[in-house]
Structures are given as C-alpha cells and as structure tokens.
Number of protein chains: 2
Amino acid sequence: MSPQPKYRVVADALRREITDGKYESSPRLPSESELSARFDASRNTVRAGLNLLVTEGLISSSQGLGYEVRSHEVFELNASRFENLSFPQNGDAYSTDVTAAGRRPHQTFRVEMLPATAYTAARLKVDAGSTTVLRFCHRFVDDVPWSTQATYYPGWLAEAAPRLAEPGDIAEGTTRYLADREIEQVGYFDEISARMPTPEESRLLEISAGVPVMLWTRTGYSDTRPIRCTITTFRGDLNRMNYEIGDLSGRDETL
Amino acid sequence: MSPQPKYRVVADALRREITDGKYESSPRLPSESELSARFDASRNTVRAGLNLLVTEGLISSSQGLGYEVRSHEVFELNASRFENLSFPQNGDAYSTDVTAAGRRPHQTFRVEMLPATAYTAARLKVDAGSTTVLRFCHRFVDDVPWSTQATYYPGWLAEAAPRLAEPGDIAEGTTRYLADREIEQVGYFDEISARMPTPEESRLLEISAGVPVMLWTRTGYSDTRPIRCTITTFRGDLNRMNYEIGDLSGRDETL
DNA sequence: TAGTGGTCTAGACCACCTC
DNA sequence: AGGTGGTCTAGACCACTAC
C-alpha cells in the first residue's frame, strides 16, 4: 500500500504519544472504534497496530475495559551480596529484601527427585539422567507472582545430606545445613540470559504478552566440585539484577 | 467459541511439534494455506496462531519464503573478568573474545557531547542536564549487529582528560589513559535488566519480533567517586552473561 | 507464473465490565 | 443496555521468491 503500512502508522503515532507523556495523567487509551475513526482504518488494522505495542510491552488490554499504558516498578536484586555462610540461603535473603522494601513476601515450596537434564547435568558435573534432588520455590510479593527458583542438588550430595530430599523447610537454611556436614560453598558461577516466556512460565509468573523473562543460573561450588545449581526466573519488567565488583567506597560516599 | 480459541489451538499444536523436534531436520513450517486446511480455520486465524509463536521468539517468517523455526547460537560474555588495568577497555576485550571464538569482529565508533539524562546523572553523581561525553560503539560479529555500547563520562573528567572528548580511538585504551592521569578505576557496579527493544534498538541490532534486549549498565568508580557509566545493549537470543564469584577451583578441575 | 507471506476491509458474534 | 475488547470469517490485492 504505502511505504509505511497503516497499522505501523497507528502504532508509531500512539507510541509517540505515550513516550511524550500524553497518557501520564490517565493511562487509558482511546477505544478501538475511536482510533478506527481517527486513522481512517478498519478495526482490524487498528488492532494490528495496538497489538504491536502490546508485544513491545508498552500497553496492555483487558476485555471490557480497554487499553492502558503499562507502568513499571522495578525491584533491585543484589546478586553479588546474596549469600554467604552467615546469611542463610533458601529464600531467607529474598524474604529479608522484600520485607525491607516494605512489601509482603510469601512462597510455596516443594521437593522432587528428578533425572538430570542436559543443562543441569553439565553444570553439576553428573551424568545426564542420573538422579538429582529438586527444591522448588514459587515466590510472590504482595500476592503478585514474582519469581520461580529451582535448585538442583547432585545425587551424591543428597546421600551425604539426606534432609535435602525431605519435603519441608530446612530451618537453619540449606547452606548452613551443608556446611555442618563439611560441605562448604566457596564460589559461584552465575549465568544470566533473557527470552520470551514459555506458556508454563507465563502461567506461573502471570506474564502477559510483551514481557520477557530473565533467567539466572547460579552454580555453587565447594573447593573440589559443583554442589548445586539454582535456576531462577523473573519477570523482566519488574526486576533488575546488580553485582558489586571491587572497591566501591566511591559509591557510598554521598549516596 | 470454545474454551480454547482456535488460534491458540493452532499455536499450541505447532509449538508442541517444534519442541518435540519435528522440524529439526528441516526448519520450514507448512504454509499458511496448508495449516488453514489442516486446522479447518481461516487464513487469518492461522496467522494469529503463527503470530503468537513469532512473538514468543520460536519462529520467524519472511515474505515469499515461509515460516521457519529459529535457531540459536549463544555467545558467552564473562562480565566479572572483563576489565582491569592490564587489560585495556574500549572494545579490546570484546575483540579478543570474539576473535578467540573464531568469529570476525568489527565496530563503528563516534563521540558526542550530551547533557546528562536522569539515568546517567544519577549514576555519575552529576546534575541532570550537565555536560557529559558519550563514546558510542556499534559492534558486529561476522557482520551481524551484536551490541551497542554507550559510555558516558562526567564533565569534570573530560576536562582532566581531554582526549576523552576527541573523536577517534584512544590507542592505549581509555582505562590506561585515565590511569596515567591518576584516575584509576577500582570498582564497578553492574545492573542487568531485560525488556522488549525500542524501534531504534530493533533497527540498530536488527532484532525481529519476539526477541528481548538485555541491558547491562556498568558504573565504574575511582576510590572517591563515579568516573564512567557504560550502557550496553545485546540481543537476548544471542548472548549470555556470566559472573565468577569467589573461589572457583572446583569448577576448573575436570572441565 | 505460481506460491509464499503482508496488508486491509467489512461484518459477524461472543465475553466481559459498567451503569 | 451499551460499550469495550476477543475471536473468526471470506475475500481482496500487493510484494517477494522461486522456477
């Protein structure tokens, strides 16, 4: 038709209005039929334009209500300060952080025995298909799904530390429980990537279109070998990870 | 209509086939008209289902060719080992890493003077609107756009180190150039987030629908204050960042 | 030339929300 | 009841790719 398709013209115009702050006072966009008249386009064409903005994460829609500009509120997660022996793992750092931010945390928890996937096997240095223990956490902040955390332990470790495979919390924290068995975590390897959620992830995290997930894989090591692999998924629009490296005395001075 | 809309049935069926490996030998999907017949749905409905998979990053389409399952090849980026005094910054680590992976790097480069945005001002601890120097890199791997890197320096530093504001490379690397002027980087603060690309980012990185960008902000500090802020954008499907923390002798043993 | 996806329309019916 | 978005159809024409 034209060098620029009509639905893109619609999307570009609305995107411009959004970034210019037109909807800051009231986030509600005009209805499809209004936009249809304004751009002299069919309802389907307007919908194509709006859908583009939805997949960009700029707006969202709900039946009977209309389209709204999305608002963000970012939660900061310090990954380098996260764990050490004096600071129990297994959700406690998370609870502490969330409570400190004036929000209300809660989580569901389960334990499973699973054969290692190619991904976890490579990181735990065990054979693919060998038994691993999965301790799985589904975390919420103010009842909004926030993240899932899956920690896999190699089979040899579950034998040396049988409470890992038992359902229910380990009161003193898994890190301390393991340390008491002379298995101390002395280093981590963190991997971070981003992609669009699978349908399963969309369900668990209640993610709508246009929001990526961040994947954070932390492999923990003793002085001789890997002892756990934790895969955390976050909503990309609600979280930002950070790492502190080196001497940051210059950061705190006038903060 | 039914509990599950028809276009979702189409998407779910094809997603299932993809994850089951049906298209591993040949990544080409059936044409829209074939799918239309198979699912007894109009072409538009089939297109809605396919579009869902596109926005999930699973498939891509090109006019005249058809739909294809997307393939990934992930590039690992070590962020904790990235820079130090004996290892020049400004793209050299990138060139080294890329060349080591048997790929061919190249980059374009420009320098600008810009007023600080709220984001950079907060990190550099300068007033919003005050002058900063931007050194901007657009990087390619085998001629595929890979990342953009924007480093902002505070005005006071540009006065102390005037070559920062001059166009063209700094041969010995900016880190060393600054160190020679008694401005030494002793720590970093890294922030990582993910979102869908802006149209500008889609253009620079040639990102198609369904691929998020990763944003990596590194603020570098001297022993007294921030001296730079580097914002890097990556294609989320092609990159994975990692950090090494603590003692990782247990990692290298049988790798 | 034939087949592919890309754009666009007009109209239908449904589900949800508010009044 | 009336307005909102959600789903679906049938058909048209265009642009690109292959042969």
Side-chain angles (χ1 to χ4, degrees), chain A residues 1-15 18 23 26-70 199 202-203 206-210, chain B residues 1-15 18 23 26-70 199 202-203 206-210:
Chain A
M1 182 145 283
S2 56
Q4 180 82 322
K6 207 185 264 191
Y7 77 97
R8 282 189 184 277
V9 173
V10 173
D12 290 348
L14 293 175
R15 191 190 298 108
I18 291 167
Y23 301 103
S26 123
R28 187 79 141 49
L29 264 65
S31 73
E32 292 179 349
S33 54
E34 285 177 272
L35 294 171
S36 180
R38 168 174 162 200
F39 290 102
D40 185 32
S42 76
R43 189 180 155 222
N44 283 340
T45 300
V46 166
R47 281 179 65 80
L50 288 165
N51 186 51
L52 206 56
L53 300 185
V54 168
T55 61
E56 286 173 9
L58 270 181
I59 64 175
S60 62
S61 67
S62 21
Q63 218 171 29
L65 289 175
Y67 291 83
E68 280 199 356
V69 177
R70 265 219 198 117
S202 295
R203 193 178 60 76
E206 286 175 22
I207 288 180
S208 50
Chain B
M1 184 142 281
S2 56
Q4 181 82 326
K6 205 184 267 189
Y7 76 97
R8 283 190 182 278
V9 173
V10 173
D12 290 348
L14 293 174
R15 190 189 301 105
I18 291 168
Y23 301 103
S26 120
R28 186 78 143 50
L29 263 66
S31 72
E32 291 178 351
S33 55
E34 284 177 274
L35 294 171
S36 180
R38 168 174 162 198
F39 291 101
D40 185 30
S42 77
R43 190 181 154 219
N44 283 339
T45 300
V46 166
R47 281 179 64 80
L50 289 164
N51 187 50
L52 206 57
L53 301 185
V54 169
T55 62
E56 286 173 11
L58 270 182
I59 63 174
S60 62
S61 66
S62 22
Q63 218 171 30
L65 287 173
Y67 291 82
E68 279 198 356
V69 177
R70 251 205 215 137
S202 295
R203 194 178 58 76
E206 285 174 22
I207 289 179
S208 51

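Basis for what follows: all heavy atoms, side chains included, without hydrogens, waters or symmetry-related copies.
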Notebook entry, point to check: About how many Å separate CZ of B/Arg43 and OG of B/Ser36, when rounded to the nearest 0.5 Å?
Noted result: 9.0 Å
Notebook entry, point to check: How many angstroms lie between CG in B/Leu14 and CG in B/Leu58, if you round to the nearest 0.5 Å?
Noted result: 10.0 Å
Does a nitrogen or oxygen in the side chain of [X] sit under 4.0 Å from OP1 or OP2 of [N]?
| X | N | value |
| --- | --- | --- |
| B/Ser62 | C/dG5 | no |
| A/Tyr67 | D/dG6 | yes |
| B/Lys6 | D/dG6 | no |
| B/Ser33 | C/dT4 | yes |

Checklist line | Residue whose closest nucleotide on DNA chain C lies nearer the 5' end, A/Gly64 versus B/Leu65 | finding: B/Leu65
May I have the list of side-chain donor-acceptor pairs in residues 45-55 of chain A shorter than 3.5 Å, sequence neighbours left out?
unit_1	atom_1	unit_2	atom_2	d
A/Thr45	OG1	A/Ser42	OG	3.2
A/Arg47	NH1	A/Glu32	OE2	2.7
A/Thr55	OG1	A/Asn51	O	3.4
A/Thr55	OG1	A/Leu52	O	2.9

Quick one: [X] [atom1] to [N] [atom2], roughly how many Å, whole number?
| X | N | atom1 | atom2 | result |
| --- | --- | --- | --- | --- |
| B/Glu32 | D/dT9 | CD | C1' | 15 Å |
| B/Tyr7 | D/dG6 | OH | C1' | 7 Å |
| B/Arg28 | D/dT17 | CZ | C1' | 10 Å |
| A/Leu29 | D/dG5 | CG | P | 9 Å |
| B/Leu35 | C/dG3 | CG | C1' | 15 Å |
| B/Gln4 | C/dA15 | CD | P | 15 Å |
| A/Arg47 | C/dG11 | CZ | C1' | 14 Å |

Checklist line | Backbone N/O of A/Gly57 and side chain of A/Arg70: donor-acceptor pair under 3.5 Å | finding: yes
Note to self: Below 4.0 angstrom, which residues in residues 38-46 of chain A have at least one non-hydrogen atom near DNA chain D?
What the structure shows: A/Arg43, A/Asn44
Notebook entry, point to check: Can you list, by residue number, the residues of residues 48-56 of chain B that have a non-hydrogen atom closer than 4.0 angstrom to DNA chain C?
Noted result: none
Next item on the list: Specify the closest pair of heavy atoms between A/Arg38 and A/Ala13, including all atoms of both residues, with the distance to one decimal.
Entry: NH2-CB, 4.4 Å
Next item on the list: For residues A/Tyr67 and A/Ile59, report the shortest heavy-atom separation together with the two atoms involved.
Entry: CD2-CD1, 3.8 Å
Check: Any idea which of C/dT7, D/dC16, D/dT4 is nearest the B/Gln63 side chain?
Finding: D/dC16
